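Notes to accompany the following structure.
None of these values were measured; they are calculated from a predicted model. The figures that follow rest on heavy atoms only: side chains count, while hydrogens, waters and symmetry mates do not. Sequence positions, counted from 1, serve as the residue numbers for this chain.
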Amino acid sequence: MPTLFFSYGFRFFFFLLDHDLIHIHVEGSSGDAVFNVVPEIELRENNGLTASELKKVRQAIIENREVIIDRWNELKD
């Protein structure tokens, strides 16, 4: 499960053997979440992150969306 980057105190990563829809896993001190990245950035699962933490995570995904997509495609090939 390669770590792509850290932002706002969260770790953003993939599971290589996960399903094909481009998404990102996020882990912080208070919990974790999963966001779909395409076709739109949307929260798929939340386990303990607060609304303000989810807002920060979403912003980091917006800022790094192209990097996430490029890395996903590199690692899944």
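To the nearest 0.5 Å, the span separating CZ on Phe12 from CZ on Phe6 amounts to 10.0 Å. Rounded to the nearest 0.5 angstrom, Phe5 CZ and Ile24 CD1 are separated by 5.5 Å. Rounded to the nearest 0.5 angstrom, Phe35 CZ and Ile68 CD1 are separated by 10.5 Å. Atom CZ of Arg65 sits about 8.0 Å away from atom CD1 of Ile22, to the nearest 0.5 Å. Atom CG of residue Leu4 and atom CZ of residue Arg71 lie 6.0 Å apart, to the nearest 0.5 angstrom. Between atom CG of residue Asp70 and atom CG of residue Asn64 there is a gap of 11.0 Å, rounded to the nearest 0.5 Å.
Every residue meeting the side chain to side chain donor-acceptor pair (under 3.5 Å) condition with Asp32, not counting sequence neighbours, appears here in chain and number order: Asn47. Every residue meeting the side chain to side chain donor-acceptor pair (under 3.5 Å) condition with Ser30, not counting sequence neighbours, appears here in chain and number order: Glu53. In this structure Arg44 satisfies the salt bridge (charged side-chain N to carboxylate O under 4.0 Å, His left out) test with no other residue, sequence neighbours excluded. Not counting sequence neighbours, the partners of Ser52 by the side chain to side chain donor-acceptor pair (under 3.5 Å) test are Thr50. When the salt bridge (charged side-chain N to carboxylate O under 4.0 Å, His left out) test is applied to Glu63, no partner is found at least two apart in sequence or on another chain. Every residue two or more places apart in sequence or in another chain that forms a side-chain contact (heavy atoms from CB on, under 4.5 Å) with Phe15 is listed here: Met1, Phe13, Asp18, His25.
Side-chain heavy atoms closer than 4.5 Å link hydrophobic residues (I, L, V, M, F, W, Y) into clusters, and following such links, possibly through other members, connects Ile62 to Leu49. No path of Ile, Leu, Val, Met, Phe, Trp and Tyr side chains, each step under 4.5 Å between heavy atoms, connects Trp72 with Val67, placing them in separate hydrophobic clusters. Tracing side-chain contacts under 4.5 Å through hydrophobic residues (I, L, V, M, F, W, Y), one never reaches Val34 starting from Tyr8; they form parts of separate clusters.
With hydrogens and angles ignored, the 3.5 Å screen pairs a side-chain donor or acceptor of Arg58 with a backbone N or O of Ile41.
Side-chain contact between Phe14 and His23 is absent, with no heavy atoms from C-beta onward closer than 4.5 Å.
Across all non-hydrogen atoms, the minimal contact from Leu21 to Val38 is CD1-O, 3.3 Å. Phe10 approaches Gly28 most closely through the heavy-atom pair CD2-CA, 3.6 Å.
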